[in-house]
Amino acid sequence: MIGLIDCNNFYASCERVFNPKLEGRPVGILSNNDGCVIARSNEIKPLVPMGMPAYQIPPHIRKEVTLLSSNYELYGDMSRRVFDTVREHTSDLEIYSIDEAFIHLLGFDNTVEYCKRLRSIVKRDTGIPVSIGLSSTKTLAKIANHVAKKNPELEGICWLHAGEPRLEALLKQLPVGEVWGIGYKIAQRLEALGIKTAWQLRQSNLKRIRQHFSVVLERTVLELQGTPCIELDDMNTPKQNIMTSRSFGKITSNFYDLSEAIRAHSSKGAEKLRSQQSVARALMVFLKTNRFRNDLLQYNPSKLAQLPYPTNDTRVIVKTAHEALCSIFREDYLYHKAGVMMLDLIDKDVEQFDFFHAAQDTKEQIKSDRLMSTIDSINKKMGKNTIIIGGRTVNATWSLKRDFLSRRYTTRWNELLSVKL
DNA sequence: TGGGCTCTT
DNA sequence: AAGAGCC
């Protein structure tokens with residue numbers, strides 16, 4: 001049996017752990033640059049739709065709600081705490097996202113009781129409320145989780161047996177677009193074919209689905225029928241691409257703003273490569289103007305650049321990215337976003353023995369590795385950006401807008417929660 | 001009016 | 001490369 005543990009309103013719940021005044025209040029968390037609402041407490045859900053740009057919230061509602069900038073350092077650490085706690089009580093944990101994990105359980109009689117206990121332990125030890133959906137496949141466990149959240153009398157746990165009559169009734173009133181893996185586009189196309197509910201999808205002809213759509217949807221149908229066929233990557237599976245990008249707090253046409261942003265992004269990309277023991281053979285630098293500003297000229301260039309040899313050396317990557325930037329920069333535009341993608345990644349150890357790519361002098365390679373791992377370990381110990389390559393302006397004009405940021409209560413000594421006695 | 005990833009066609 | 005998905 002598969003269980004899906006999902007943290008309730010995760011970002012809002014994290015904020016509430018350290019600021020109990022937010023309990024019972026409508027709380028929304030904003031995307032980077034305080035752009036749009038990406039997470040909501042239950043109380044704000046009827047007032048502000050998911051994804052609404054903050055500036056579009058009507059003033060009379062804005063007055064009533066608390067909006068916070070996203071504090072990923074806090075959410076990331078709270079996520080780790082939640083799943084460390086879960087891991088103490090289950091053997092098989094597959095983390096799926098910052099706030100969700102699948103667990104594999106034997107279907108013993110008191111599974112529901114067991115999950116209730118787990119849920120209260122997580123709440124006690126981390127302050128985060130979770131719900132658990134149980135069923136025979138991941139897709140059905142997702143639906144069970146949804147049911148658990150919507151029906152408070154279930155106390156956060158819902159077990160859906162693949163064969164039970166209740167399941168049919170439930171799937172019949174579940175719009176097809178709410179099934180995991182079915183987004184807006186596919187839902188539209190399914191509805192055009194007369195498939196409007198999860199039940200109709202479950203009963204539909206596999207061959208027909210395969211013909212009209214893809215194996216992905218075929219697997220979803222099988223999962224709805226109770227046949228598990230969706231495998232997730234292990235958390236340690238190295239990424240195939242690594243992207244680092246940000247939109248700017250303010251649009252800019254200043255080359256030095258852009259070159260600083262690209263330096264920071266490519267440097268971060270190199271760090272990410274090293275953390276998964278990969279090297280890149282190529283990278284791509286891109287710039288974007290603000291597509292919502294019809295009054296401004298649009299320009300969205302990108303430049304693919306080969307690295308001189310497969311590498312994760314910050315110095316080489318920053319230099320290559322800078323040259324790519326120079327080749328696409330035009331000064332007559334106002335840029336809104338810049339980023340760097342690491343491409344064509346291979347495992348570092350494979351690369352070292354790869355005759356065709358052994359293009360770099362071995363001594364230089366060893367020196368580079370030692371320098372990079374020294375930088376990484378100092379940054380790990382002393383805080384990120386303790387050592388950086390090249391300069392960096394604090395509060396650069398391109399940096400993020402985060403006007404409503406809470407403290408990083410769990411990861412910074414100088415931002416700990418203070419209590420007055 | 002986000003950022004970062006995967007998969008399939 | 002484009003287009004779909006997820007959170």
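What's counted below: heavy atoms across the whole structure, side chains too, no hydrogens, waters or symmetry copies. Just so it is clear: chains get the letters A, B, ... in the order the sequence lines come, proteins before strands, and each one is counted from 1.
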Among B:dT1, C:dC6, B:dT8, the one nearest A:Val216 by side-chain distance:
B:dT8

Rounded to the Å, how far apart are A:Ile29 CD1 and C:dC7 P?
18 Å

With a 4.0 Å cutoff (strictly under), does any side-chain N or O of A:Asn241 reach OP1 or OP2 of B:dG4?
no

Separation of B:dT8 C1' from A:Arg219 CZ (nearest whole Å)
9 Å

NZ/A:Lys116: more than 12 non-hydrogen atoms of other groups inside 6.0 Å
yes

Integer-rounded Å distance: B:dT1 P and A:Asp295 CG:
13 Å

A:Gln211 CD to B:dT8 C1', in whole Å, measures 17 Å

Side chain of A:Lys142, heavy atoms from C-beta onward: which of B:dG4, B:dT1, C:dC6 has the nearest atom to it?
C:dC6

At under 4.0 Å between heavy atoms, what does A:Leu30 touch on the DNA or RNA strands: base, sugar-phosphate, or nothing?
nothing

With heavy atoms under 4.0 Å as the rule, sort A:His265 into base, sugar-phosphate or nothing.
nothing

Can you see if the side chain of A:Ser31 gets near the phosphate of B:dG3 - specifically, an N or O under 4.0 Å from OP1 or OP2?
no

Salt bridge (Lys or Arg N to Asp or Glu O under 4.0 Å) between A:Arg119 and A:Glu155: does it pass, once the steps are laid out?
CA-CA 9 Å; A:Arg119 176 173 181 266; A:Glu155 297 176 64; 5.7 Å; no

Strictly below 4.0 Å: does A:Lys337 bring a side-chain N or O up to OP1 or OP2 of B:dG4?
no

It should be established whether A:Arg246 places a side-chain nitrogen or oxygen under 4.0 Å from OP1 or OP2 of nucleotide B:dG4.
yes

Considering only B:dT8, C:dA4, B:dG4, which nucleotide approaches the side chain of A:Lys185 most closely?
C:dA4

Apply the test side chain to side chain contact (heavy atoms under 4.5 Å, CB included) to residues A:Tyr96 and A:Leu232: give CA-CA distance (whole Å), side-chain angles for both, the deciding distance (0.1 Å), then the verdict.
CA-CA 8 Å; A:Tyr96 173 63; A:Leu232 298 177; 3.8 Å; yes

d(CD1, A:Ile182; P, B:dT8) in whole Å:
16 Å

Check whether the side chains of A:Asp313 and A:Ser368 place a donor and an acceptor atom closer than 3.5 Å, and report yes or no.
yes

Counting only side-chain nitrogens and oxygens, does A:Arg210 get under 4.0 Å of the OP1 or OP2 atom of B:dT9?
yes

Under 4.0 Å between a side-chain N or O of A:Arg402 and OP1 or OP2 of B:dG2?
no

Between B:dT9, C:dC7, B:dG2, spot the one nearest the side chain of A:Trp180, thanks.
C:dC7

Side chains of A:Leu190 and A:Phe213: does their closest heavy-atom pair fall under 4.5 Å?
yes

Using a cut-off of less than 4.0 Å, is there contact between a side-chain N or O of A:Ser245 and OP1 or OP2 of B:dG4?
yes

Mind checking if A:Gln240 touches a base, just sugar-phosphate, or nothing, with heavy atoms under 4.0 Å?
sugar-phosphate

Nearest-nucleotide 5' precedence on DNA chain B, A:Thr244 against A:Ser214:
A:Thr244

Go through B:dG2, C:dG5, B:dT8 for me and flag the one nearest to the A:Ser247 side chain.
B:dG2

Is there a side chain to side chain contact (heavy atoms under 4.5 Å, CB included) between A:Leu193 and A:Arg208 once you walk through the steps?
CA-CA 11 Å; A:Leu193 294 171; A:Arg208 181 155 173 258; 3.9 Å; yes

Separation of atom CE in A:Met50 from atom C1' in C:dC6, rounded to whole Å
12 Å

Give the C-alpha distance, both sets of side-chain angles, the deciding distance and a yes or no for salt bridge (Lys or Arg N to Asp or Glu O under 4.0 Å) between A:Glu94 and A:Lys138.
CA-CA 11 Å; A:Glu94 246 182 313; A:Lys138 294 190 170 78; 3.7 Å; yes

Quantified in whole Å, what is the C1' atom distance between nucleotide C:dC6 and nucleotide B:dG2?
14 Å

Among B:dC5, C:dA4, C:dC7, which nucleotide has an atom closest to any side-chain atom of A:Asp99?
C:dC7

Note: for A:Pro238 and A:Val215 on DNA chain B, the residue whose nearest nucleotide lies more 5' is A:Pro238

Whole angstrom value for the distance that separates C1' of B:dT1 from NZ of A:Lys401
12 Å

Is the aromatic ring of A:Tyr55 within stacking range of B:dT1, meaning centres under 5.5 angstrom and planes under 30 degrees?
no

Rounded distance in Å - CE (A:Met78) to P (C:dC7):
21 Å

